[in-house]
Visitor: 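Dropping a structure here in structure tokens format, bear with me for questions.
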Amino acid sequence: MADHKGTAAWTGDIKGHGTLSTESGLLNAPYSVGSRFEGKPGTNPEELIGAAHAGCYTMYLTSVLTKHGHQVQTINTTSTVTMNPNNGHPIIERIHISVEGHVSGGNITADDFQRHAEDAKTNCPVSRALSAVPEMTLEAKFVG
């Protein structure tokens with residue numbers, strides 16, 4: 001098992017500001033209500049969820065393709081996390097995964113790639129953790 005930590009520190013009331021950081025030290029970023037809801041500089045939890053999801057999804061899909069004898073050249077994934085302010089009770093209501101794969105070997109077809117992309121959407125650990133999100137969609141593009 002592996003434990004990985006993320007931390008948050010906040011100063012002030014809801015109009016204050018904070019810092020999100022990771023145990024590795026690679027992330028130490030400011031966040032605020034402005035960066036979360038108003039497009040101001042800084043990061044936000046949903047952006048970080050999207051990055052974590054895209055990373056996990058890509059690794060899982062690469063693993064599945066490799067296990068089926070395909071050679072992965074590149075996989076590029078974007079996970080778009082949509083949050084609805086929901087009258088003061090914010091909810092993540094949708095996640096859309098967009099993936100493009102340059103894959104060869106093992107006579108892979110676009111249908112094969114779609115099947116493996118769907119498998120990753122369902123089974124990567126972060127997708128599974130996000131299963132409470134009401135809608136998760138996938139757009140997969142295969143480039144042989």
Side-chain angles (χ1 to χ4, degrees), residues 1-10 14-15 17-144:
M1 286 239 251
D3 293 333
H4 301 286
K5 297 176 187 169
T7 60
W10 190 265
I14 194 62
K15 290 294 184 176
H17 57 88
T19 304
L20 296 172
S21 59
T22 57
E23 181 178 25
S24 67
L26 293 176
L27 175 71
N28 188 16
Y31 81 117
S32 66
V33 169
S35 65
R36 192 171 194 190
F37 297 106
E38 300 165 4
K40 293 187 178 172
T43 191
N44 59 70
E46 293 72 34
E47 176 180 74
L48 298 175
I49 289 169
H53 189 213
C56 183
Y57 177 91
T58 300
M59 289 177 77
Y60 192 95
L61 178 56
T62 299
S63 174
V64 169
L65 289 164
T66 301
K67 286 177 185 172
H68 283 89
H70 308 300
Q71 273 190 335
V72 174
Q73 309 305 314
T74 61
I75 302 284
N76 295 300
T77 306
T78 301
S79 177
T80 303
V81 177
T82 303
M83 186 172 63
N84 182 338
N86 198 31
N87 297 319
H89 301 283
I91 182 173
I92 295 173
E93 66 180 12
R94 181 172 192 255
I95 296 174
H96 178 71
I97 304 164
S98 177
V99 62
E100 180 175 300
H102 295 259
V103 183
S104 60
N107 297 320
I108 188 168
T109 66
D111 287 342
D112 294 332
F113 184 78
Q114 182 71 38
R115 188 178 70 256
H116 295 312
E118 290 287 346
D119 177 24
K121 176 184 151 241
T122 302
N123 293 307
C124 92
V126 174
S127 284
R128 293 172 71 110
L130 296 171
S131 64
V133 174
E135 181 181 2
M136 190 179 296
T137 59
L138 171 68
E139 175 186 353
K141 180 179 178 186
F142 171 69
V143 180

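The structure displayed is predicted, hence computed values, not measured ones.
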Visitor: Is there a side chain to side chain contact (heavy atoms under 4.5 Å, CB included) between Leu61 and Phe113? Walk through the geometry before answering.
Guide: CA-CA 9 Å; Leu61 178 56; Phe113 184 78; 4.1 Å; yes
Visitor: Taking Lys121 first and then Glu118, would you say they form a salt bridge - that is, a charged N and a carboxylate O separated by under 4.0 Å?
Guide: yes
Visitor: Which residues pass the ring-ring contact (aromatic ring centres under 6.0 Å, His included) test with Tyr60, sequence neighbours left out?
Guide: none
Visitor: Given 3.5 Å as the limit, does a donor-acceptor pair link the side chain of Asn123 with the main chain of Asp119, or not?
Guide: yes
Visitor: Please check this pair: side chain of Tyr57 against backbone of Pro125, looking for a donor-acceptor N/O pair closer than 3.5 Å.
Guide: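 Not a single qualifying donor-acceptor pair exists.
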Visitor: If I compare all heavy atoms of Val99 with all of Ala117, which pair ends up nearest, and what's the gap?
Guide: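 Heavy atoms of Val99 and Ala117 come nearest at CG1-CB, 4.4 Å.
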Visitor: Drop me the distance from Glu139's CD to Thr80's OG1, to the nearest 0.5 angstrom.
Guide: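 Between Glu139 CD and Thr80 OG1, I get 9.5 Å after rounding to 0.5 Å.
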Visitor: Would you check if Val103 and Ile75 make a side-chain contact, meaning some heavy-atom pair closer than 4.5 Å?
Guide: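 Yes, side chains in contact.
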Visitor: Evaluate the ring planes of His70 and His68, with Trp represented by its six-membered ring, and classify them as parallel (under 30°), tilted (30 to 60°) or perpendicular (over 60°).
Guide: parallel
Visitor: Once ring-ring contact (aromatic ring centres under 6.0 Å, His included) is applied, do any residues pair with His102, and if so which ones, sequence neighbours excluded?
Guide: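 With sequence neighbours excluded, His102 shows a ring-ring contact (aromatic ring centres under 6.0 Å, His included) to no residue whatsoever.
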Visitor: Is a side-chain donor or acceptor of Ser21 paired with a backbone partner of Leu27 at a separation under 3.5 angstrom?
Guide: no
Visitor: What pair of heavy atoms forms the shortest contact from Pro41 to Ser35, and how long is it?
Guide: O-CB, 3.4 Å
Visitor: Taking all non-hydrogen atoms of both residues into account, name the closest pair between Tyr31 and Ala9 and its distance.
Guide: CE2-O, 4.1 Å
Visitor: Return yes if a side-chain donor-acceptor contact under 3.5 Å exists between Thr78 and Ser98, otherwise no.
Guide: no
Visitor: As an exercise, state the distance from CE of Met136 to CD1 of Ile95, rounded to the nearest 0.5 Å.
Guide: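 Between atom CE of Met136 and atom CD1 of Ile95 there are 4.0 Å.
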Visitor: Which heavy-atom pair separates Leu130 from His53 by the least distance, and what is that distance?
Guide: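 Reported closest heavy-atom pair: CD1-CG, 3.9 Å.
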Visitor: CD1/Ile49 to CD/Glu47 distance, rounded to the nearest 0.5 angstrom?
Guide: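 Rounded to the nearest 0.5 Å, the CD1-CD separation comes to 11.0 Å.
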Visitor: If you take all heavy atoms of Glu23 and Asp3, which pair is closest and at what distance?
Guide: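 Between these two residues, the closest heavy atoms are OE1-O, 3.9 Å.
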Visitor: May I ask you to check whether His96 and Ser79 show a side-chain donor-acceptor distance below 3.5 Å?
Guide: no
Visitor: Counting N and O atoms only, with roles assigned by atom type, does the side chain of Ser63 sit under 3.5 Å from a partner on the main chain of Met59, one being a donor and the other an acceptor?
Guide: no
Visitor: Over all heavy atoms of both residues, which pair between Thr43 and Ala29 is shortest? Give the atoms and the distance, please.
Guide: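 Here Thr43 and Ala29 meet closest at CG2-CB, 3.7 Å.
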Visitor: Do the side chain of Ser131 and the main chain of Arg128 share a donor and acceptor less than 3.5 angstrom apart?
Guide: yes
Visitor: Between atom OG1 of Thr137 and atom CZ of Arg94, what is the distance when rounded to the nearest 0.5 Å?
Guide: 4.0 Å
Visitor: Scan the side chains in residues 82-90 for donor-acceptor partners under 3.5 Å anywhere in the protein, sequence neighbours excluded, and list what turns up.
Guide:
unit_1	atom_1	unit_2	atom_2	d
Asn84	OD1	Asn86	N	2.8
Asn84	ND2	Glu93	OE1	3.1
Asn86	ND2	His89	O	3.0

Visitor: Can you tell me how far apart CD1 (Ile108) and CG (Leu65) are? Round to the nearest 0.5 Å.
Guide: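 Here the interatomic distance stands at 5.0 Å.
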Visitor: Working to the nearest 0.5 Å, report the span between OG1 of Thr58 and CG of Asn76.
Guide: 7.5 Å
